[in-house]
Amino acid sequence: MGITIKVADAGFSYNGSDNVFENIGFSITEGEILSILGPNGTGKTSLLKCLNGLHRLTEGQISVDEQKITGMRWSDIGKKVGYIPQAHDSTFPYTVLEMVRMGRAPHIGLFSSPTKKDTAVAEEAIEELGISHLKGKAYTNLSGGEAQLVLIARALAAEPKALLLDEPTSHLDFKNQAAILNLLEKLSREHGLAIIMTTHFPDHALSISDKALLMANGKGGIVGRTAEVINENSLKNVFGIEVKIINFNNENHQAVHVVPIRKKTSNSTSKMDGVVNC
């Protein structure tokens, strides 16, 4: 059975008076991907933390399957909504299997130990993400792309119906960015997960998202179908920079690129020797 997450008139403040964001509302259900974009400081990460109960809204409400998140226990939220932070530094050299098995925490009692089932579920998540060869490797010795896959596997080990990801591609190279986007699309389309991610890459949102929330410094937001929300005018208004959206299509490939338009400086040509203009 799927999941529905609804956010209505949401606002959040750290000090109780100055809202980081306000008047945010959207809904997402199984098999959908929602991308959250906006300049630094508009509350994207804070909103994600409200969605999984780490922060509590100052105003408005969040419901998961018609139940207000404020009335849910942490373990019940964890069974429905998985959270992958932007970065995770482990002090201890846990193996990949141990790291992923930690995702079973919502299913394990406070004074209980992981069971054979918990280990089996963790191994299944590792296999699903194609990282079985890393199972015995120390998490502290992984590359950025490998570590991101482990964090996603850890979230999947809780068997959630939704995933929240904070800038999942921000520290990765081109190849690993594409791999993560393909994985998220697969988890949504083939496994029916509802996915909400923050990103600084509008082209990533346009590539895989069904919906987008564009958060502005005015503390509000624009939400809707991705192509309707993310366009050249809206990006200029929110980020204060001219952009060009370029679509590439042929029989076998499809891509979209969002290119910021920079003004040439007077000596730009002298510093660009050897660069071919297209």
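Just so it is clear, the values below take in all heavy atoms, side chains as well, and ignore hydrogens, waters and symmetry mates. Every value quoted in this text rests on a predicted model; they were computed, and no experiment measured them.
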S.K.: Got L37 and P202 here, is their nearest side-chain heavy-atom distance under 4.5 Å?
M.R.: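 Yes. Closest side-chain heavy atoms under 4.5 Å.
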
S.K.: Do H204 and T169 have a side chain donor and acceptor closer than 3.5 Å?
M.R.: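 On atom types as modelled, these side chains qualify, holding a pair under 3.5 Å.
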
S.K.: Looking only at heavy atoms, which two atoms of L163 and P160 are closest? And how far apart?
M.R.: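 For L163 versus P160, the nearest heavy atoms are CD2-CG, 4.0 Å.
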
S.K.: Pairs in or reaching into residues 208-233: which pass ring-ring contact (aromatic ring centres under 6.0 Å, His included), with residues at least two apart or in two chains?
M.R.: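 As it turns out, there is no ring-ring contact (aromatic ring centres under 6.0 Å, His included) pair with a partner in residues 208-233 once direct neighbours are skipped.
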
S.K.: Please tell me if the side chains of F201 and S35 come closer than 4.5 Å, counting only heavy atoms from C-beta onward.
M.R.: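 Counting from C-beta outward, F201 and S35 never come under 4.5 Å.
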
S.K.: Are I230 and L214 close enough, and set up right, to give a side-chain contact (heavy atoms from CB on, under 4.5 Å), and what steps lead you there?
M.R.: CA-CA 8 Å; I230 302 177; L214 190 55; 5.5 Å; no

S.K.: Under 4.5 Å between side-chain heavy atoms, hopping through other hydrophobics if needed: is there a path connecting L134 to L97?
M.R.: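 Yes, same cluster.
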
S.K.: Could you walk me through whether I62 and C50 satisfy the side-chain contact (heavy atoms from CB on, under 4.5 Å) test, starting with their C-alpha distance in whole Å, then the side-chain angles of each, then the deciding distance to 0.1 Å, before giving a yes or no?
M.R.: CA-CA 8 Å; I62 297 169; C50 289; 3.9 Å; yes

S.K.: Do I126 and L149 have side-chain heavy atoms sitting under 4.5 Å apart?
M.R.: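 A side-chain contact is absent here, since even the closest heavy-atom pair is not under 4.5 Å.
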
S.K.: Can you find a pair of side-chain heavy atoms, one from T42 and one from N217, that are under 4.5 Å apart?
M.R.: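 The answer is yes, as the side chains (C-beta and beyond) meet within the 4.5 Å cut-off.
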
S.K.: Quick check: does any side chain N or O of S112 sit under 3.5 Å from a backbone N or O of I108, one acting as donor and the other as acceptor?
M.R.: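 No.
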
S.K.: Quick check: is V256 connected to V259 through a chain of hydrophobic side chains (ILVMFWY, heavy atoms under 4.5 Å apart)?
M.R.: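 Cluster IDs for V259 and V256 differ.
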
S.K.: Using only atom types and a distance under 3.5 Å, with no angle test, would you say the side chain of T198 pairs donor to acceptor with the backbone of T45?
M.R.: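 Looks like no, no N/O pair under 3.5 Å.
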
S.K.: Mind listing the side-chain donor-acceptor pairs of residues 186-197 below 3.5 Å, one per line with the distance, residues two or more places apart or on another chain?
M.R.:
from, atom 1, to, atom 2, distance (Å)
S188, OG, G31, O, 2.9
R189, NH1, G31, O, 3.1
R189, NH1, D210, OD2, 2.9
R189, NH2, I208, O, 2.9
H191, NE2, E128, OE2, 3.1

S.K.: For S170, enumerate each residue passing the side chain to side chain donor-acceptor pair (under 3.5 Å) test, keeping only those at least two apart in sequence or located in another chain.
M.R.: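 Not a single residue meets the side chain to side chain donor-acceptor pair (under 3.5 Å) criterion with S170.
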
S.K.: Among side-chain atoms of S13 and D18, is any donor-acceptor pair under 3.5 angstrom?
M.R.: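 Per modelled atom types, S13 and D18 side chains form no pair under 3.5 Å.
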
S.K.: Who passes salt bridge (charged side-chain N to carboxylate O under 4.0 Å, His left out) against D173, sequence neighbours left out?
M.R.: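 Here no residue qualifies.
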
S.K.: Would you mind reporting whether I222 and L213 have side-chain heavy atoms less than 4.5 Å apart?
M.R.: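 Not touching, per the 4.5 Å side-chain cut-off.
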
S.K.: Examine distances only and state if a side-chain atom of N182 and a backbone atom of A179 form a donor-acceptor pair shorter than 3.5 Å.
M.R.: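 Checking the backbone N and O of A179 against the side chain of N182, no donor-acceptor pair under 3.5 Å is found.
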
S.K.: Going by atom type alone, with no hydrogens or angles, which donor-acceptor pairs under 3.5 Å involve a side-chain atom of residues 235-245 and a protein atom two or more places apart or on another chain?
M.R.:
from, atom 1, to, atom 2, distance (Å)
K236, NZ, E242, OE2, 2.9
N237, ND2, N233, O, 3.2

S.K.: For E146, look at atom CD and say whether over 12 heavy atoms of other residues, nucleotides or ligands are found less than 6.0 Å away.
M.R.: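 Yes - once you tally the heavy atoms of other residues, nucleotides and ligands closer than 6.0 Å, there are more than 12.
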
S.K.: Holding to ring pair (Phe, Tyr, Trp, His ring centres under 6.0 Å), I want the full list of residues that pass it with H107, two or more places apart in sequence or in another chain.
M.R.: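 Not a single residue meets the ring pair (Phe, Tyr, Trp, His ring centres under 6.0 Å) criterion with H107.
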
S.K.: How close do P85 and R154 get, heavy atom to heavy atom, and via which atoms?
M.R.: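 Between these two residues, the closest heavy atoms are CD-NH2, 4.4 Å.
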
S.K.: Heavy-atom count around E127 CD within 6.0 Å, excluding the residue itself: above 12?
M.R.: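 Counting neighbours around CD of E127, 12 or fewer heavy atoms of other residues, nucleotides or ligands fall under 6.0 Å, so no.
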
S.K.: List the residues meeting side-chain contact (heavy atoms from CB on, under 4.5 Å) with K116, not counting sequence neighbours, and say none if there are none.
M.R.: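 Result, side-chain contact (heavy atoms from CB on, under 4.5 Å) vs K116: none returned.
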
S.K.: Is any side-chain heavy atom of Y139 closer than 4.5 Å to a side-chain heavy atom of L151?
M.R.: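 They are in side-chain contact.
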
S.K.: Return the CG to OG distance between L181 and S207, rounded to the nearest 0.5 Å.
M.R.: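 Here the rounded value is 6.5 Å.
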
S.K.: Taking salt bridge (charged side-chain N to carboxylate O under 4.0 Å, His left out) as the test, write out the residues that go with D9, two or more places apart.
M.R.: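 D9 satisfies salt bridge (charged side-chain N to carboxylate O under 4.0 Å, His left out) with no residue once adjacent residues are dropped.
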
S.K.: Just by distance, do the side chain of S209 and the backbone of A212 share a donor-acceptor pair under 3.5 Å?
M.R.: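 It does not hold such a pair.
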
S.K.: Using salt bridge (charged side-chain N to carboxylate O under 4.0 Å, His left out) as the criterion, list what pairs up with D65, not counting sequence neighbours.
M.R.: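 Result, salt bridge (charged side-chain N to carboxylate O under 4.0 Å, His left out) vs D65: K80.
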
S.K.: Is the closest side-chain heavy-atom distance between T29 and I3 below 4.5 Å?
M.R.: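 No. Closest side-chain heavy atoms not under 4.5 Å.
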
S.K.: Can you pull the ring-ring contact (aromatic ring centres under 6.0 Å, His included) pairs that have at least one residue in residues 2-31, sequence neighbours excluded?
M.R.: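 Qualifying pairs, neighbours excluded: F12-Y14, F12-H55, Y14-H55.
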
S.K.: Evaluate R104 against K117 for side-chain contact (heavy atoms from CB on, under 4.5 Å), listing each step before the verdict.
M.R.: CA-CA 10 Å; R104 296 293 295 167; K117 178 183 177 180; 4.3 Å; yes

S.K.: Could you go through K137 and T95, starting from their C-alpha distance and side-chain angles, then the distance that decides it, and tell me whether this counts as side-chain contact (heavy atoms from CB on, under 4.5 Å)?
M.R.: CA-CA 5 Å; K137 192 172 182 179; T95 66; over 6 Å; no

S.K.: For the pair K6 (side chain) and Q61 (backbone), establish whether a donor and an acceptor sit closer than 3.5 Å, ignoring hydrogens and angles.
M.R.: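 Side chain of K6 to backbone of Q61: no pair is present.
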
S.K.: Would you give the length of the straight line joining atom NZ of K49 to atom NZ of K44, rounded to the nearest 0.5 angstrom?
M.R.: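 Answer for the NZ-NZ pair, K49 versus K44, is 13.0 Å.
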
S.K.: So, using salt bridge (charged side-chain N to carboxylate O under 4.0 Å, His left out) as the criterion, who are the partners of K135 when residues are at least two apart?
M.R.: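 By the salt bridge (charged side-chain N to carboxylate O under 4.0 Å, His left out) rule, K135 matches E123.
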
S.K.: Grab the two heavy atoms, one from S75 and one from P106, that are nearest each other, plus how far apart they are.
M.R.: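 Closest approach of S75 to P106: O-CB, 3.6 Å.
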
S.K.: Search all heavy atoms of A125 against all heavy atoms of A157 and return the closest pair with its distance.
M.R.: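 For A125 versus A157, the nearest heavy atoms are CB-N, 4.3 Å.
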
S.K.: Under the 3.5 angstrom rule, does the side chain of Q67 hit a backbone N or O of V64 as a donor-acceptor pair?
M.R.: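 Here the side-chain-to-backbone pair does not exist.
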
S.K.: Closer than 3.5 angstrom, by distance alone: can the side chain of Q177 be matched with the main-chain N or O of L172 as a donor-acceptor pair?
M.R.: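 Here the side-chain-to-backbone pair exists.
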
S.K.: With hydrophobic residues grouped by side-chain heavy-atom distances under 4.5 Å, do L57 and L34 end up in a single group?
M.R.: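 Same cluster.
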
S.K.: Please check this pair: side chain of S234 against backbone of V229, looking for a donor-acceptor N/O pair closer than 3.5 Å.
M.R.: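 Yes, S234 side chain to V229 backbone: donor-acceptor pair under 3.5 Å.
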
S.K.: What's the spacing between M99 CE and L142 CG if we round to 0.5 Å?
M.R.: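 Between atom CE of M99 and atom CG of L142 there are 9.0 Å.
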
S.K.: Give the minimum heavy-atom separation between D118 and R101, together with the two atoms involved.
M.R.: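 In terms of heavy atoms, the two residues are closest at O-CG, 4.2 Å.
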
S.K.: Could you walk me through whether K211 and E32 pass the salt bridge (charged side-chain N to carboxylate O under 4.0 Å, His left out) check?
M.R.: CA-CA 8 Å; K211 298 177 180 178; E32 290 186 327; 3.4 Å; yes

S.K.: Group every Ile, Leu, Val, Met, Phe, Trp and Tyr by side-chain heavy-atom contacts under 4.5 Å, then state whether L54 and V81 land in the same group.
M.R.: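 Both belong to a single hydrophobic cluster.
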
S.K.: Could you tell me whether the side chain of L129 reaches within less than 4.5 Å of the side chain of V150, counting heavy atoms only?
M.R.: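 No, too far: nothing below the 4.5 Å cut-off.
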
S.K.: Show the numbers, then the answer: is there a side-chain hydrogen bond (donor to acceptor under 3.5 Å, both in side chains) between R56 and T70?
M.R.: CA-CA 8 Å; R56 188 165 184 168; T70 50; 4.5 Å; no

S.K.: When rounded to the nearest 0.5 angstrom, what distance separates OG1 in T226 from CG in N231?
M.R.: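 So the gap between those two atoms works out to 11.5 Å.
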
S.K.: Test of understanding: clusters of I, L, V, M, F, W, Y form through side-chain heavy atoms closer than 4.5 Å, transitively. Do L47 and I69 belong to the same one?
M.R.: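 Yes: a chain of side-chain contacts under 4.5 Å links L47 to I69.
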
S.K.: Which residues pass the side chain to side chain donor-acceptor pair (under 3.5 Å) test with N247, not counting sequence neighbours?
M.R.: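 Testing N247 for side chain to side chain donor-acceptor pair (under 3.5 Å), a comparison that skips the adjacent residues, returns none.
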
